[in-house]
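I have placed the structure first, in the form of structure tokens, so that the comments after it can refer back to it.
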Amino acid sequence: MPELPEVETIARSLRRTAVGLRVEAVRLLWPKLLRGPAAGLRRLRGRRIVGVGRRGKMLLVSFEGDAHLLFHLKMTGRFHWMDRGAPVDRHTRLRIAFRDRARELRFSDVRKFAVLRLLDTPHPLESPALAGLGPEPLATPAPDLARRLVRRNGRLKSLLLNQAFLAGVGNIYADESLFAAGLHPLRAASSLSDDEALRLARAVQKILAAAVAAGGSTIRDYRDAEGMDGLFQRDHKVYGRRSEPCRVCGRPVERRVIGGRSSFFCPICQPLRPSGAAGRGHGRTSGSASLRGNGVRRRRSN
DNA sequence: GCCACTGTTAGCAT
DNA sequence: CATGCTAACAGTGG
């Protein structure tokens, strides 16, 4: 389900509604949700929620005393505010009740892919659970992202989905970004001209920012913690539009499986081989430095 | 009933 | 480093 814009929207929703509340009880209904001993959750009793954050597609709920719940929602993870006495849906995996509150926060997950970790550190963002993630697309200058792109060999589609390469982009926003950049999902990243790489970096940022502003995309299940639908699905140009006319050129949108994921693109607007004068070869933009070469050698992390 | 499909990703083989 | 396959699980739709 949720990619960066959806998780960001949920984080904002929880920030509005949950920060400041003091925990009365945490009940884990599906023990496998939590990586680590369930007993640890008892420590949260009596503590207030002091903040809600996001890193990539991970949601971080922070409590007093250096305790944090780190959620990965995977496909179908959702939060709901419910009356404490309301019937518990069969997909509810976790309940958090608060002092002096009639409503409790429930986490549900139909497919049981979601993962929860309890962190006890003053610096959760440096925890090993987040260590492998690539940069935050909206907090990294586009030229830096472009430089990373051009150093890789894989297909654009797979690279954008690779969380170690870039954190937070999933199937919807990868396809929408590639369309916005006019680049074919099968293009090798290393074949991009400097202009193309920069175009893609900016397209990713533009699409993600617009999606956050629209509250994410509601295709099926997704809602924020307050039950609100996202609206960005209305702006999808290619995702889920197989055989429908491209909104720019009118030709049918194509669907193909790439790297095991269904991929939607317009074969005219996103040609595999660049045509026309723009974007051919490895030419550098006049007056600006190349994204390639004369770079500092990367040292391998130990 | 069967089959294909789904917004994710870890693990393993090649 | 890249790619392909499987599995984790449940529901929906043809």
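A note on names: the letters A, B, ... follow the listed sequences, proteins ahead of strands, and every chain is numbered from 1.
Rounded to whole Å, the distance from CG on A:L73 to P on C:dA10 is 17 Å. The distance from atom CZ of A:R152 to atom C1' of C:dT3 is 13 Å, rounded to the nearest whole Å. Protein atom CG of A:L33 is 14 Å distant from nucleotide atom C1' of C:dC9, rounded to whole Å. We find that NZ of A:K32 is positioned 9 Å from C1' of C:dC9, with the value rounded to whole Å. A straight line from CZ of A:R78 to P of C:dA10 spans 18 Å, rounded to a whole angstrom. When rounded to the nearest whole Å, the span between CD of A:E6 and P of B:dT8 equals 9 Å.
A:K112 has no side-chain polar atom (N or O) that falls below the 4.0 Å cut-off from OP1 or OP2 of C:dA8. Under 4.0 angstrom from either OP1 or OP2 of B:dT6 there lies at least one side-chain N or O belonging to A:S262. Neither OP1 nor OP2 of C:dC9 sits under 4.0 Å from any side-chain N or O of A:H91. Put simply, A:R242 has no side-chain N or O that comes within less than 4.0 Å of OP1 or OP2 on B:dA4. OP1 or OP2 of B:dG7 sits under 4.0 Å from a side-chain N or O of A:N171.
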Protein proximity profile, nucleotides 9-14 of chain B - base contact B, sugar-phosphate-only contact S, no contact -, cut-off 4.0 Å on heavy atoms: B-----
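Comparing A:G259 and A:R90 against DNA chain C, the residue whose closest nucleotide sits nearer the 5' end is A:G259.
Of the candidate nucleotides B:dT6, B:dT8, C:dT3, B:dT6 has the atom lying nearest to any side-chain atom of A:R220. Here the nucleotide nearest the side chain of A:N153, chosen from B:dT8, C:dA2, C:dG4, is C:dA2. Residue A:F113 places its side chain closer to C:dA8 than to any other of C:dA10, B:dG7, C:dA8. Closest to the side chain of A:R255, from the set B:dG7, C:dA10, B:dC5, is B:dC5.
Between A:F98 and A:W81, the ring center distance clears the sub-6.0 Å criterion. Aromatic ring centres of A:F264 and A:F179: separated by at least 6.0 Å.
In this structure, A:E6 contributes its side chain and A:E3 its backbone to a donor-acceptor pair below 3.5 Å.
Its side chain within the 4.5 Å cluster rule, A:L29 clusters with A:V88 among the Ile, Leu, Val, Met, Phe, Trp and Tyr residues.
In this structure, A:R48 forms no cation-pi arrangement with A:F63, as its terminal cationic atom is not both closer than 6.0 Å to the ring centre and no more than 45° off the ring axis.
As rounded to the nearest Å, C:dA2 and B:dG7 have C1' atoms that lie 24 Å from one another. The P atoms of B:dA4 and C:dC5 are separated by 14 Å, rounded to the nearest whole Å.
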Applying salt bridge (charged side-chain N to carboxylate O under 4.0 Å, His left out), run through A:R12 and A:D224 and close with a yes or a no. CA-CA 9 Å; A:R12 291 177 183 187; A:D224 75 11; over 6 Å; no
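For the pair A:Y173/A:L208, a side-chain contact is recorded, criterion being any heavy-atom separation below 4.5 Å from C-beta on.
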